[in-house]
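Scroll down for the structure; my scribbles are underneath it.
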Amino acid sequence: MNDAAPAPTPAPAPRKRARLRAPELIGKGGWLNTGGKELSLAELRGKCVVVDFWTFCCINCLHVLDELRELEEKHRDTVVIIGVHSPKFVHEAEHAAVIDAVERYEVHHPVLDDPELATWKQYAVRAWPTLVVIDPEGYIVAQHAGEGHAHAIARLVEELEAEHEAKGTLRRGDGPYVAPEPVATDLRFPGKALLLPSGNFLVSDSTRHQLVELAADGESVVRRIGSGERGFTAQSFSEPQGLALLPDGRVVVADTVNHALRTYDPATGAVETVAGTGRQWWQGSPTSGPALEVDLSSPWDVAWWQGRVWIAMAGVHQLWTWDPEAGTVQVAAGTTNEGLLDGPAAEAWFAQPSGLAAAGDRLWIADSETSALRYVEDTPDGYVIRTAVGTGLFDFGHRDGEAGQALLQHPLGVTALPDGSVAVGDTYNHALRRFDPATGQVTTLATDLREPSDAVLAGADIVVVESARHRLTRLRLPEEAVRVESVAHRTQRAATEVAPGTLRLDVVFQAPSGQKLDTRYGPSTRLLVSSTPPGLLAAGEGPGTDLFRELVLADGVTEGVLHVSAMAASCDDTESDSGSAADANEYPACHVHQQDWGVPVRVSADGASRLPLVLAGMDDEG
C-alpha cells in the first residue's frame with residue numbers, strides 16, 4: 001500500500017486528541033524513588049507525564065530507559081516520567097529485585113512496582129516496552145510500543161508545553177523524584193569476570209561504569225579502570241559487561257550501552273575503541289564492514305573462538321564477530337527475529353543472547369529471554385545453532401533432570417568446565433546449574449546465590465559473579481549436584497481470547513507529527529508473523545510489507561503464541577510550515593519504529609476476530 005509516491009503534505013492541522021482520562025496508577029509493590037511517598041495522577045496535574053511500562057529483563061526496555069534520559073533532563077521542570085514495572089519472569093515480581101534494577105540501571109524517576117500487572121491491564125498494554133503520554137489535564141494523548149520513539153515524544157512534549165502554557169494549565173517546577181541514598185561497596189552490580197594471566201580477576205563493574213581488577217583472593221581492589229562516570233571516552237565506559245582475553249594479552253570489553261567494543265591493555269592501562277560508533281544499530285543499517293564504521297546494539301558478552309571475537313549482540317538477538325586482524329565486523333548468526341529457532345546460523349532465531357563460552361568445536365550461549373542454553377556447532381556444512389535446554393519465550397522455571405524437560409529462568413552466564421560439561425549462571429533462579437552433554441542431564445550445583453551473571457574457573461574452584469550481592473563468590477565444584485524441587489512457570493500475562501477461523505491482525509501506526517512514511521526506496525513498512533506451536537496458524541505466516549494480515553487459525557489448536565515483528569520508517573517532512581520548497585529541509589532526518597510482540601492467544605467461540613497492536617499513534621486510533 002506504500003508503493004505510490006505520496007501527495008505533498010500540507011501544513012499540519014491542530015492536533016485532535018481523544019478525551020480519554022488516564023486510569024490511576026496502582027501497584028501492589030508500591031513506589032520507588034519518591035522518598036516513600038505514594039503518588040497519584042491528581043498530584044501530577046499540570047505536568048506532561050510519560051508512563052513507561054517496562055520490565056528489567058527486556059533489552060528493548062533498557063534501550064528506552066537510555067532514550068528517555070535526554071528528554072528527562074531537557075524538560076525537567078515540565079515532564080514527569082513514571083516507570084511502571086510490569087514483570088515477565090517470576091523473579092521480576094520480587095520487590096527487592098525491582099529495587100535492585102532501579103539502582104542497577106540508574107533510573108532517575110519514580111517507579112511503580114506493579115507485580116500483578118494491574119496498571120498494565122488498565123492501560124490495555126500488550127508489549128514491553130510501551131510508552132503512554134498524558135497531558136497536563138490528565139488525558140491520554142499518545143501511545144507508542146517498542147523503542148525509537150523518543151524523538152516523537154520530545155516533539156509532542158514541546159507542543160503540549162506550548163498549548164498548556166497558553167491555557168494556563170502547565171505547572172513548572174521540580175518533579176516528585178527523590179534519589180535514594182548511595183551505598184558504599186567495592187563493586188556495584190558487577191556483570192562479568194575474567195581470570196587474568198597474573199591470577200588476578202578483572203570484573204566489569206557495570207553500574208559504576210568501570211573495570212575493576214581484584215587480587216587473587218577475589219576481594220582486594222588492585223586498580224580501577226575508568227572514571228566511574230557514564231561516557232564514551234578513553235577514560236569512561238557505559239554499563240560494561242562481557243570480557244574476553246585476546247591472544248596478544250589485551251582484554252576486549254563489551255561496552256554495552258555505548259554499543260561498542262573496547263580493548264584494555266593490562267600492561268599499559270590503555271583503553272581503545274575497536275568496534276562500533278557509539279550509535280545503536282537499527283534495521284536497514286550495515287551488518288558488516290570496517291569495525292569502527294558499523295553500528296552495534298547492546299553487545300552483552302564476548303568470547304575468543306576460532307580466530308575471532310564472537311559477540312552476543314543482545315540488542316538485536318544475533319551473534320556477530322569481530323576480526324582483529326582484518327578490523328571488520330559481521331553478523332554470524334540470527335535474523336533479528338526474537339524467539340527460539342534452531343538450524344543454519346543465518347536462519348536461526350535468538351532472544352537476547354547474554355553469555356558466551358568457547359569449548360572446542362562448540363560455542364555455548366546463554367539465550368536469556370528464552371531461558372535456554374544453546375550452542376553454535378562448527379559442522380562441515382557451516383555453523384549450525386542447536387538448543388540443549390529450553391523451549392521458548394514463555395516457559396521457564398527451576399527443574400533438573402533430562403535436558404528436554406529441564407527448565408532455567410533467564411540465564412545470563414555460561415562457563416565451559418574441564419570435563420566437557422557446562423555451568424550456567426541461572427540468574428533469576430539464583431542458582432548455578434550444570435548441563436552434561438554426555439548424559440543429557442541438568443543438575444544444580446549451588447543455590448542461594450543472588451542473580452549470578454557469570455562464573456570463571458580458578459584451579460579447582462569456580463568463582464561466581466553474584467551481581468545483586470556486589471561480589472565474587474568462590475565455590476568448590478562439587479562431585480555431587482544439589483537436587484532441588486522442580487518448579488515450572490509460564491509468563492503470567494493473560495491470553496487474548498480470539499475466535500476460531502480468520503483473525504484480522506492490524507498493526508496501528510501513524511507517523512508522528514511533522515513526519516511522513518519514507519517511501520523513497522520502496523515500501524517503508526515490514527511485518528513478520530510466526531507462531532508457537534508452528535501449527536497454530538494454517539495461513540498468514542511469513543514476511544510482508546503491509547501492516548495488516550489475514551491470519552487463519554488451524555482447526556484443533558486451542559492456544560499458543562503469535563509472534564509479530566513490525567517496523568515502519570518515517571522521515572521529517574521536507575516541506576516547511578510555509579509550504580515553500582525553498583525552505584524545505586534538504587536532508588530530512590529519518591527514524592525507525594520497530595517492535596516485537598509475543599501475544600498469548602486462546603481460541604474461544606466468544607473471542608475477538610480482530611487483533612490490533614499499536615506500534616505508534618494516538619490512543620483512539622485502531
Side-chain angles (χ1 to χ4, degrees), residues 100 104 185-208 210-225 240-246 249 251-254 264 266 300-304 312 354-359 364-366 368 373 408 411-436 443-482:
D100 285 346
R104 181 194 300 267
T185 53
D186 287 334
L187 302 174
R188 205 69 192 161
F189 297 104
K192 305 289 185 180
L194 176 70
L195 184 65
L196 295 171
S198 65
N200 289 352
F201 295 94
L202 188 67
V203 184
S204 55
D205 198 20
S206 302
T207 297
R208 295 219 177 105
Q210 291 181 317
L211 308 180
V212 178
E213 184 177 341
L214 301 178
D217 61 8
E219 298 179 6
S220 306
V221 176
V222 176
R223 63 175 59 85
R224 297 182 182 275
I225 301 95
Q241 286 285 340
L243 306 167
L245 191 65
L246 297 176
V251 176
V252 61
V253 182
Y264 162 64
W300 206 274
D301 202 6
V302 283
W304 178 259
S354 302
L356 298 175
W364 292 96
I365 308 158
S368 61
L373 172 65
L408 310 170
L412 291 177
V414 60
T415 306
L417 300 180
D419 64 355
S421 65
V422 185
V424 180
D426 195 4
T427 309
Y428 288 2
N429 279 327
H430 310 300
L432 188 68
R433 311 286 293 282
R434 174 177 176 263
F435 169 68
D436 185 351
T443 52
T444 299
L445 295 176
T447 58
D448 194 32
L449 302 169
R450 188 68 187 173
E451 293 194 12
S453 56
D454 196 21
V456 293
L457 292 173
D461 296 337
I462 187 166
V463 177
V464 180
V465 179
E466 276 198 274
S467 187
R469 284 200 177 111
H470 321 292
R471 69 188 189 190
L472 302 188
T473 298
R474 186 182 294 267
L475 303 172
R476 177 70 57 165
L477 281 172
E479 295 181 6
E480 297 291 334
V482 179

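- Taking each heavy atom of Ala468 and Asp100 in turn, the nearest pair found is CB-OD2, 3.7 Å.
- Of the possible donor and acceptor atoms, none in the side chain of Thr444 sits under 3.5 Å from a partner among the backbone N and O of Arg433.
- A 4.5 Å side-chain heavy-atom check between Leu432 and Thr415 finds every atom pair outside the cut-off.
- Atom CG of Leu245 is separated from atom CG of Leu196 by 7.0 Å, given to the nearest 0.5 angstrom.
- Residues Val251 and Leu246 are not in side-chain contact: their nearest non-hydrogen atoms beyond the backbone lie 4.5 Å or more apart.
- Annotation for Ile462 and Ala423: closest pair CD1-CB, 4.0 Å, computed over non-hydrogen atoms.
- Taking the side chain as every heavy atom from C-beta outward, Leu195 and Leu457 never approach each other to under 4.5 Å.
- In this structure, OH in Tyr264 is found 13.5 Å from OG in Ser204, a value given to the nearest 0.5 Å.
- Taking OG1 of Thr427 as the reference point, atom CG of Leu412 lies at 3.5 Å (rounded to 0.5 Å).
- Taking CG of Leu187 as the start and CG of Asp205 as the end, the distance is 5.0 Å to the nearest 0.5 Å.
- For the side chain to side chain contact (heavy atoms under 4.5 Å, CB included) test with Leu202, the passing option among Val222, Ile225, Leu214, Val456 is Ile225; the others fail.
- For Asp461, the side-chain hydrogen bond (donor to acceptor under 3.5 Å, both in side chains) test picks out Arg474, Arg476, with sequence neighbours left out.
- Applying the ring pair (Phe, Tyr, Trp, His ring centres under 6.0 Å) test to residues at least two apart or on different chains, the pairs with a partner in residues 414-433 are Phe56-Tyr428, Phe89-Tyr428, His91-Tyr428, His91-His430, His410-Tyr428.
- Applying the salt bridge (charged side-chain N to carboxylate O under 4.0 Å, His left out) rule to Asp454 yields no partners; only residues at least two apart in sequence or on another chain are considered.
- With sequence neighbours excluded, no residue forms a side-chain hydrogen bond (donor to acceptor under 3.5 Å, both in side chains) with Ser198.
- Partners of Ser368 by side-chain hydrogen bond (donor to acceptor under 3.5 Å, both in side chains), not counting sequence neighbours, listed by chain and number: Ser354.
- Ser467 contributes a side-chain N or O that, together with a main-chain N or O of Pro190, makes up a donor-acceptor pair within less than 3.5 Å.
- Under the salt bridge (charged side-chain N to carboxylate O under 4.0 Å, His left out) criterion, Arg469 pairs with Asp448, Glu466, sequence neighbours left out.
- When the salt bridge (charged side-chain N to carboxylate O under 4.0 Å, His left out) test is applied to Glu213, the partners found at least two apart in sequence or on another chain are Arg223.
- Closest approach of Pro411 to Val424, counting heavy atoms only: CB-CG1, 3.6 Å.
- For the pair Ala303 and Leu356, the tightest heavy-atom approach, listed with the atom from each and the gap, is CB-CB, 3.8 Å.
- For Phe201, there are no ring pair (Phe, Tyr, Trp, His ring centres under 6.0 Å) partners at least two apart in sequence or on another chain.
- By the side-chain hydrogen bond (donor to acceptor under 3.5 Å, both in side chains) test, Ser421 is found to be paired with Asp419, Arg434, residues two or more places apart in sequence or in another chain being considered.
- Screening residues 186-197 for side-chain hydrogen bond (donor to acceptor under 3.5 Å, both in side chains) gives Glu103-Arg188, Thr185-Arg188, Arg188-His470 as the qualifying pairs, with residues at least two apart or on separate chains.
- Residues Trp364 and Leu373 have side chains in contact (heavy-atom distance under 4.5 Å, counting atoms from C-beta outward).
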